[in-house]
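Just so it is clear, the model here is predicted, and its values are computed rather than measured. Each chain gets a letter, A, B and so on, in the order its sequence line appears, and its residues count up from 1.
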There are 2 protein chains.
Amino acid sequence: MPIALRPEEMVRLEQVVQRSGLNYRQDIVYRQDDTFGALYAVRLGCIKTYRTTEDGREQVTGFYFPGEIFGMDGVGSGRYTNSAVALETGSTCELPFEQMEKLSATIPQLQHHLFRILGKEITQDQQLVTLLSKHTAEERLAALLISLSTRFAERKQSSLRFRLPMSRSDIGNYLGLTVETVSRVLGKMQKGEILRVDNKEVEILDIDKLKTQAGIK
Amino acid sequence: MPIALRPEEMVRLEQVVQRSGLNYRQDIVYRQDDTFGALYAVRLGCIKTYRTTEDGREQVTGFYFPGEIFGMDGVGSGRYTNSAVALETGSTCELPFEQMEKLSATIPQLQHHLFRILGKEITQDQQLVTLLSKHTAEERLAALLISLSTRFAERKQSSLRFRLPMSRSDIGNYLGLTVETVSRVLGKMQKGEILRVDNKEVEILDIDKLKTQAGIK
DNA sequence: CGTTCCATTGAGATGTGTCAATTCAAGTGG
DNA sequence: CCACTTGAATTGACACATCTCAATGGAACG
């Protein structure tokens, strides 16, 4: 957690955190409608969250990488409104929410941090809303690639060459597009010398053009 | 606030709340990029929130009615990522966030409530994501009407006959549709004996059919 | 009672979806 | 190590929901 605490406070926090979770591909971390108990921090790997509507339609709501927190969807109602699944082998920390709440009453820094985490999820979700509502297929894909690139850079990994841990179908679902459209747009970007794509491997050749396409201008 | 506090705690909360805000149509409560200072509770009227992308596209992100809280979009970064505007004459309460945080450290109930409020916004935004991504124009409109109907009912107002405080353009923007499509779909629902629409006045004639159409089944 | 904004309606254009066929990648078991 | 199977990704042809453009009608307001 990127948060400055006094050693004594750090100890109390670490006592609460569960370091248990080792995940393999397809492992479910929690299921939609499960009782909400904890937030989770990704330590290694990638987690996908998705919700299913009453009539069976699925929506991927997010991808989470090491250092990022997921599980906030359960805070509102006491039940998770998404399911969370591992996309590859990795591990997560469990942050039991009730204990975090108690702890945060005596550690203002922690309380503030928790509010921020929830707030950031709101901002992200609203960005996704805008993306889905007002942007073309190319712009959506470009925006996702930029987002991934930025996040890999934050983890001090290559921001121009990386592996997509999710399938085309996950990407399409997340962006409100079909697999076919994702494939076609990636193909087009490749012809435009913006990307080099080899299955899950992506190399960004022209990040400026990609940013322009993302409508980030 | 629907929250059980001891009288003494209630007093402390009320000392923090600003009852100031009287709003007229088009009044801005806060602007995108303003420094985040407070959440707001609608007392009367209706508030619309929307964000503008760097390249000028606008996305309506929410409508808020009496009893509902808005302004959570500022929590993540310390700046509002939306603007908030009054759609009609009304009033709001200001809830200075820093003071609320301090207060909530000593009132667990309040802390929990604040987390829940943020959590509910997350859930709502994700529902909107699904709506935009996976549902047809009819389903989107039906879902909005059901949502409005439900919320009016909560406020003990008629759930079958109400006034839309927002324009067709706002509705369309929120749902990722054009004004024309909104108009056509409303017309179609009227022909199908599901609604009676007269400008901003709506009467729901067949709520079951409407729910079916919303994909709520 | 004109002006202006908002809503409706029609006709035609288009981006993305649907359906179908093919190729490619990754296991799996003999 | 090689078929064989299975699921993922690509590519093409066509369909369609919604958008765009344009004209008209109606409500609100000074």
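Across all strands, B:Leu177 comes closer than 4.0 Å only to sugar-phosphate atoms, never to a base (heavy-atom distances).
Close to C:dG17, at under 4.0 Å from its OP1 or OP2, lies a side-chain N or O of A:Thr181. Under 4.0 angstrom from either OP1 or OP2 of D:dC19 there lies at least one side-chain N or O belonging to B:Thr178. Between B:Lys200 and the phosphate of C:dA7, there is a side-chain N or O to OP1/OP2 separation shorter than 4.0 Å.
If you take CD of B:Gln26 and C1' of D:dC29, they are 14 Å apart, rounded to a whole angstrom.
Taking only distance into account, the side chain of A:Arg184 meets the base of D:dG12 through a donor-acceptor pair shorter than 3.5 Å. If you check distances only, the side chain of A:Arg168 never reaches the base of D:dT11 with a donor-acceptor pair under 3.5 Å.
The side chain of B:Ser183 approaches C:dA7 more closely than any other nucleotide in the set C:dT16, C:dA7, C:dT18.
Among A:Phe36, A:Tyr80, A:Tyr40, the single residue meeting the ring-ring contact (aromatic ring centres under 6.0 Å, His included) criterion with A:Phe97 is A:Phe36.
Of the N and O atoms on the side chains of B:Gln126 and A:Asp73, not one donor lies less than 3.5 Å from an acceptor on the other residue.
Counting non-hydrogen atoms of neighbouring residues, nucleotides and ligands closer than 6.0 angstrom, the CZ atom of B:Arg161 reaches no more than 12 such neighbours.
In terms of position on DNA chain C, the residue among A:Asp198 and A:Gly176 whose nearest nucleotide sits closer to the 5' end is A:Gly176.
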